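Take a look at the structure below.
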There are 2 protein chains.
Amino acid sequence: MTDSEAQDTAASWQLNSVTEDPSFLLARANALSLGAGNAALRPLGLKVRSYSVLALVCDGLYPTQRELADYLRLDPSQVVSLIDDLESRDLVERRTDERDRRSKVIAPTGEGQRVRAEARERVRAAEEAPLAVLSPEERDTFSALLARVAFPPQR
Amino acid sequence: MTDSEAQDTAASWQLNSVTEDPSFLLARANALSLGAGNAALRPLGLKVRSYSVLALVCDGLYPTQRELADYLRLDPSQVVSLIDDLESRDLVERRTDERDRRSKVIAPTGEGQRVRAEARERVRAAEEAPLAVLSPEERDTFSALLARVAFPPQR
DNA sequence: ACCATTTCATTGAGAAAGTCAACTATACAC
DNA sequence: GTGTATAGTTGACTTTCTCAATGAAATGGT
């Protein structure tokens, strides 16, 4: 079977029960987007995960590691690894929070800001592909709805 | 910090650059949906992955492992494990494809169909939660757009 | 009919990611 | 002050991902 035939098979399968399942669609769309994003960031030595951390840190929020873990739904130990990696490359730095000396506030370095700016452009370009199938208006609608699903009002 | 304060922090952060990033939103929405789905399926000894396989197999498509791998974007070796697991529980069975004896067609057992029906209901119920924030019309719109993103026309 | 190439399922190795239980230092409530 | 709770860290362990290699079977060219 050639690649295009495999594609045809997948396409013809769109008439099945799984394809109507939003959670399955979400997983697949995420896989596409994650793949494109990681590929785009590879030259910078980043992945979507580490980029998300870097971007949050560069937003002037000075988050603690705990806040990063909550926001990104990561185990605190994963945040340790991510920050270790970014800090070892001098993209961010840990600063003990003087108001609560248990926690560490993460601050971007100048280099971190620079890398983040480049990463942002690469990610933006990479996102075009998966979302290119939607018109600009559809894309806005989709993003708005998605944001509400991703951040339910409360729970 | 209490849980609700952490929630507040996350909520207040919605004014940052990452939150506008569709790929990040997709990742987060997927994490929510995956968590809910896996929790709902745990009593049946399934996960969202294995359920996706079982559901496809029960759709009367008689897919080969290769087709499952393509469709679910999995490495063929992962499909081996998934089918091993389902087959060991007599939910599906491998049948050598007589038209191409290299490949194996996966067929559901009666028990597989039964478990799948129950799993479908559980997944449906679990999906309500993440999507409950949308009105029925919004939900339809969202699903339709998501389906196009997840299955781009061709590439 | 033969040979080279390709594909499918499988195995196994190694990397990456997720989960969980301790532990230290610090903060907070009483 | 003392007990309890939290932030970060470490380490163990499991799961998942990614890749290379292999045997069996199909395909195409000559």
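What's counted below: heavy atoms across the whole structure, side chains too, no hydrogens, waters or symmetry copies. Since the structure is predicted, the reported quantities are computational estimates derived from the model, not experimental observations. So you know, we letter chains A, B, ... as the sequences are listed, proteins then strands, and number each from 1.
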Report each atom pair, protein N/O against N/O of nucleotides 15-18 of chain D, whose distance is under 3.5 angstrom.
unit_1 : atom_1 : unit_2 : atom_2 : d
D/dT16 : OP1    : B/K47  : NZ     : 3.1
D/dC17 : OP1    : B/R49  : NH1    : 3.4
D/dC17 : OP1    : B/R49  : NH2    : 2.9
D/dC17 : OP2    : B/R49  : NH1    : 2.7
D/dC17 : OP2    : B/Q78  : NE2    : 2.2

Among C/dA9, C/dT7, D/dT9, find the nucleotide with the atom closest to the side chain of A/P76. D/dT9
Counting only side-chain heavy atoms from C-beta out, which of D/dG8, D/dA5, C/dA9 sits nearest to A/T64? D/dG8
Can you list, in residue-number order, the parts of residues 93-101 of chain B that come under 4.0 Å of DNA chain D, counting heavy atoms only? B/D100, B/R101
In this structure, how many angstroms lie between the [atom2] atom of [N] and the [atom1] atom of [X], rounded?
X	N	atom1	atom2	answer
B/R102	C/dC8	CZ	P	6 Å
A/L46	C/dA16	CG	P	15 Å
B/Q65	D/dA25	CD	P	15 Å
A/L34	C/dG18	CG	P	10 Å

Would you please name every residue forming a side-chain contact (heavy atoms from CB on, under 4.5 Å) with [X], sequence neighbours left out?
X	answer
A/S81	none
B/D84	B/V80, B/R94
B/S143	A/P22

Can you pull out how bent the helix from C/dA1-D/dT30 to C/dC30-D/dG1 is, comparing the axes over its first five and last five pairs, to 10°? 30°
Residue pair A/R66 / A/P76, side-chain heavy-atom distance below 4.5 Å: yes
Does B/D59 reach the side chain of B/R116, with side-chain heavy atoms less than 4.5 Å apart? yes
Check whether any side-chain N or O of A/R66 sits under 4.0 Å from OP1 or OP2 of D/dA7, and answer yes or no. yes
Of A/S103 and A/D84, whose nearest nucleotide on DNA chain D comes first from the 5' end? A/S103
Quick one: list whatever passes salt bridge (Lys or Arg N to Asp or Glu O under 4.0 Å) with B/R42, sequence neighbours left out. none
Partner set under side chain to side chain donor-acceptor pair (under 3.5 Å) for B/D90, not counting sequence neighbours: none
Can you list the residues that meet the ring pair (Phe, Tyr, Trp, His ring centres under 6.0 Å) rule with B/F142, with sequence neighbours excluded? A/F142
Quick one: list whatever passes ring pair (Phe, Tyr, Trp, His ring centres under 6.0 Å) with A/F24, sequence neighbours left out. B/Y71
Donor-acceptor pairs under 3.5 Å, side chain of residues 129-137 of chain B to any protein atom, not counting sequence neighbours: which ones?
unit_1 : atom_1 : unit_2 : atom_2 : d
B/S135 : OG     : B/E137 : OE1    : 3.3
B/S135 : OG     : B/E138 : N      : 3.2
B/S135 : OG     : B/E138 : OE1    : 3.4

Which pairs, with at least one residue in residues 123-134 of chain A and sequence neighbours excluded, count as a side-chain hydrogen bond (donor to acceptor under 3.5 Å, both in side chains)? A/E121-A/R124, A/E127-B/S23, A/E128-A/R139
